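Inspection log for the structure reproduced underneath, given as structure tokens.
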Amino acid sequence: LALSNAITCGSPSQICYLADCQIIKPMCDLLSNSDERVILIVLEALERILIIGEKDVQKTGRNMYAALIEECQGLDIIYYLQHRHNDEIYGKSVVILETYFKED
């Protein structure tokens, strides 16, 4: 979770560096955790990574971090999280899906 905190508080270049160090898959794996606090922290960190990735959309036409989340089955887990009985997790999942994966 220390890396999630680094992403939440980090600069865009630090976030890109961490994402480029293949942090996305382990973070997506943490979304299957039973601790709802952990899930929420990870969702917030992934959202921050996705925000940074949106800057690439203008250059490349796609958010490469969204593609990485999808490749490691993180998108499937985020869809599943909409059905948790936790309003914060539900809300964060919906925001991520509607903002960064609306074509899917």
Side-chain angles (χ1 to χ4, degrees):
L1 292 181
L3 290 173
S4 293
N5 291 335
I7 291 167
T8 303
C9 300
S11 69
S13 62
Q14 291 168 326
I15 294 168
C16 287
Y17 175 77
L18 290 171
D20 293 341
C21 287
Q22 301 179 3
I23 191 176
I24 291 176
K25 169 124 177 59
M27 291 183 70
C28 288
D29 291 344
L30 282 172
L31 292 174
S32 297
N33 194 300
S34 62
D35 186 336
E36 293 183 338
R37 185 179 65 82
V38 170
I39 294 168
L40 194 55
I41 290 168
V42 172
L43 284 172
E44 289 170 356
L46 288 172
E47 183 179 31
R48 185 82 196 276
I49 291 171
L50 289 165
I51 289 168
I52 300 301
E54 279 298 294
K55 295 176 183 172
D56 291 334
V57 173
Q58 293 177 349
K59 297 178 204 170
T60 65
R62 69 181 205 138
N63 184 326
M64 69 177 196
Y65 299 132
L68 289 172
I69 289 171
E70 190 168 0
E71 286 172 19
C72 66
Q73 284 72 48
L75 183 56
D76 295 335
I77 298 168
I78 295 170
Y79 274 119
Y80 170 76
L81 290 175
Q82 294 179 96
H83 305 290
R84 296 286 293 238
H85 297 293
N86 179 304
D87 291 340
E88 288 181 281
I89 291 173
Y90 167 80
K92 185 61 69 180
S93 299
V94 168
V95 166
I96 289 171
L97 292 170
E98 290 180 354
T99 304
Y100 304 101
F101 298 99
K102 46 190 157 196
E103 295 175 8
D104 296 346

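Quantities reported herein were computed from a predicted structural model and do not represent experimental measurements. Reckoned from all heavy atoms, side chains included, excluding hydrogens, waters and symmetry mates.
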Smallest separation among heavy atoms of [X] and [Y], with atom names:
X   : Y   : value
C9  : R48 : N-NH1, 4.1 Å
S34 : R84 : O-NH2, 3.8 Å
P26 : I23 : CD-O, 3.2 Å
S93 : L81 : OG-CB, 3.3 Å

Next item on the list: Only one of E36, R37, K92 passes side-chain hydrogen bond (donor to acceptor under 3.5 Å, both in side chains) with N86; say which it is.
Entry: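 Only one option passes, and that is E36.
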
Measure the [atom1]-[atom2] distance between [X] and [Y] for me, rounded to the nearest 0.5 Å.
X   : Y   : atom1 : atom2 : value
E54 : T99 : CD    : OG1   : 8.5 Å
L40 : N33 : CG    : CG    : 12.0 Å
N63 : I49 : CG    : CD1   : 10.0 Å
C28 : I78 : SG    : CD1   : 6.0 Å
L50 : L43 : CG    : CG    : 10.0 Å
M27 : I77 : CE    : CD1   : 12.0 Å

Next item on the list: Verify the neighbour count for atom CG of D35: are there more than 12 heavy atoms of other residues, nucleotides or ligands below 6.0 Å?
Entry: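 More than 12 within 6.0 Å, yes.
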
Notebook entry, point to check: When clusters are formed by joining ILVMFWY residues with side-chain heavy atoms under 4.5 Å apart, either directly or through shared neighbours, do I51 and M64 land in the same one?
Noted result: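 Same cluster: I51 reaches M64 through Ile, Leu, Val, Met, Phe, Trp or Tyr contacts under 4.5 Å.
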
Margin query: Is there a side chain to side chain contact (heavy atoms under 4.5 Å, CB included) between Y65 and C16? Walk through the geometry before answering.
Written below: CA-CA 9 Å; Y65 299 132; C16 287; 3.8 Å; yes

Check: Counting distance only, does the side-chain N/O of Q82 pair as donor-acceptor with the main-chain N or O of Y79 below 3.5 Å?
Finding: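 Yes.
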
Checklist line | From D76, L46, L31, I96, residue fulfilling side-chain contact (heavy atoms from CB on, under 4.5 Å) relative to I69 | finding: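 Result for side-chain contact (heavy atoms from CB on, under 4.5 Å) with I69: L46.
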
